[in-house]
Amino acid sequence: MSSTNEDDPPSPPTAVAPVELVPRFVGRAETEDDVASRRRWVEARTGARLTHVGAMSTPIADLSGNIENPIGAAQVPIGIAGPLRVEGEHARGIFYVPLATTEGALVRSYERGMYVLTRAGGVTVRLDRDQNRVSPTFLFADVAAAAEFASWVEANFTEIAARAEATTRHGRLLRIECHPLGAHVLVDFVYSTGDASGMNMMVNATEAAAKWMVASAGALGFDIFSGAEGEKRAAPRLFAGGKGKRANAGALVPAWLLRGALRTSASELERFSARVAAGHATAGTVGTQGQLANGLAAMFIACGQDVANIVNAAAGITRFVARGDDLYVSVTLPSLTVGTVGGGTGSGTARECLDLLGCAGAGKAKKLAEIVAATLLAGELSMASAIVTGELPAAHEALGRNRPDTPAPR
Ligand code: NAP
């Protein structure tokens, strides 16, 4: 076990109180015993009992590259919602969707929307863009040098792409866009990342290309991230796509289903959506939608996606348009960041949940994106209906309360 930490300077400049470092097992892969011993170390220091944290069934060897200093796993319950009929280009048929959440009423809400959409004939989904990007900043002495670099980049795309793509078998550099900013140039490296969400892949590729660009074009240096890439940030820029799949999901819901299953109507929901758009304009939200983050979080946790990408994936637009007494419902997700290879997708509960959707492994990322989009549409329809009928507070009261001072019903 190691008690050193590379973050510690070798000799502090002034006398500082000693700190006790989390145990590490240097120079070898973690074992189950290492995890248990680190967990006991935390228990001894905090007095907390970590019985449930320690009840992890995924072998630690399967989580290499996913976690440092492991002590166990967080257990988030998974509910299943469906049936959901999806009519995509990659996902077709009936799906039962795993949702990991502790928000009572959430699974029921999505399930209700799925039932209605499925009875209505299913959700049509189309992806029209599949890209991801990293946007480093290159540094120059002045505006003139920055402008010259921007022209140089355009002229040298082929060589830059070769440097980037030499680091990856599946990543492809689609284009580069330069944005001079004073003496800096912000450069969008836009990639196709196959079935991986691609952040590690793209960062590696971009770094290799950027080092060559600095050496060849006389830049003073570069920062690998400028913040403009929209990774894990809500920003209007996301509506042009470029942070994952751009998805549209829609369905025509007939009046009899709106009335019979949701106790509402097309005109009520259309008027509601106009009121909500005004509310969102007042708040200055990025996009206008009901609860995209709820379905995204629940599916991302279940399916091993990088949960922090919800911040960019939840930038979307939900629309309810009356067509006579029927209602056309749609959701637009410009930056849906998902993968079925790499990251947290390959093991444990995530792999099982991807399996139950038929989305595990290579060739499945677009299918997963279509199922996510259809699921989110179900949540939008259900939530809006619950609000206009005044049923939302009662549903949460019945299904989603855990007052700590009130015993749960047995
Ligand atoms: P990864 O697990 O780092 O790498 C996945 C690798 O799988 C790819 O690089 C690719 O290798 C390989 N692969 C095999 N079959 C593939 C297929 N069909 N399609 C695409 N790739 C295939 O995953 P990642 O998606 O690049 O990165 C996601 C991870 O990055 C997440 O864990 C996320 O949390 C993390 N992340 C990193 C940063 C960062 O700054 N680096 C920032 C945010 C998040 P080849 O490249 O050789 O083709």
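When a ligand or atom number is given, it counts from 1 through the structure's own listing order.
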Between T264 and S385, does a side-chain hydrogen bond (donor to acceptor under 3.5 Å, both in side chains) hold up when you go through it step by step?
-> CA-CA 6 Å; T264 183; S385 304; 5.6 Å; no
Looking only at protein heavy atoms, which one is nearest to [atom], and how far off is it?
atom: atom 34 (O) of ligand 1; value: D306 OD2, 2.6 Å
atom: atom 8 (C) of ligand 1; value: M201 CE, 3.7 Å
atom: atom 23 (O) of ligand 1; value: G343 N, 3.6 Å
atom: atom 24 (P) of ligand 1; value: G198 N, 3.6 Å
atom: atom 11 (O) of ligand 1; value: R169 NH2, 3.2 Å
atom: atom 5 (C) of ligand 1; value: G342 CA, 3.8 Å
atom: atom 28 (C) of ligand 1; value: S197 OG, 3.7 Å
atom: atom 18 (N) of ligand 1; value: D195 OD2, 3.1 Å

Do we see a donor-acceptor contact under 3.5 Å between the side chains of [X] and [Y]?
X: S135; Y: D188; value: yes
X: E380; Y: T318; value: yes
X: N309; Y: K232; value: no
X: T337; Y: N312; value: yes

Do F140 and F149 have their ring centres less than 6.0 Å from each other?
->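 Yes: the rings meet the under 6.0 Å criterion.
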Please determine which of K243, R172, R175 meets the side chain to side chain donor-acceptor pair (under 3.5 Å) test together with Q131.
->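 Answer after filtering K243, R172, R175: R175.
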What part of [X] sits under 4.0 Å from ligand 1 if we count only heavy atoms: the side chain, the backbone, both or neither?
X: M202; value: neither
X: N200; value: both
X: T193; value: backbone

So, are [X] and [Y] salt-bridged, with charged N and O less than 4.0 Å apart?
X: E231; Y: R233; answer: no
X: K366; Y: E370; answer: no
X: R351; Y: D62; answer: no

Examine ligand 1 and decide if any of its atoms is less than 4.0 Å from a heavy atom belonging to G339.
->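 Not so, G339 does not reach ligand 1.
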What about [X]: any of its N or O atoms under 3.5 Å from an N or O on ligand 1?
X: A362; answer: no
X: G171; answer: no
X: K232; answer: no
X: T167; answer: no

Ligand-side contact atoms (ligand 1) for residue partner [X], heavy atom cut-off under 4.0 Å:
X: F225; value: 40 (O)
X: V341; value: 7 (O), 13 (N), 14 (C), 15 (N), 16 (C), 22 (C)
X: E231; value: 43 (C)

Please walk me through it: do S37 and D34 pass side-chain hydrogen bond (donor to acceptor under 3.5 Å, both in side chains)?
-> CA-CA 5 Å; S37 113; D34 296 339; 5.7 Å; no
Could you pull out all residues at least two apart from R49 that satisfy salt bridge (charged side-chain N to carboxylate O under 4.0 Å, His left out)?
->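 So R49 forms a salt bridge (charged side-chain N to carboxylate O under 4.0 Å, His left out) with E43.
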May I ask you to test the N132-V190 pair for a side-chain heavy-atom distance under 4.5 Å?
->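 No, their side chains stay 4.5 Å or more apart.
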Per atom 36 (N) of ligand 1, closest listed option by heavy atom (E229, E207, M199) =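 It is M199 that holds the nearest heavy atom.
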Closer than 4.0 Å: a protein non-hydrogen atom to atom 14 (C) of ligand 1 |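 Given the 4.0 Å cut-off, atom 14 (C) of ligand 1 counts as touching protein heavy atoms.
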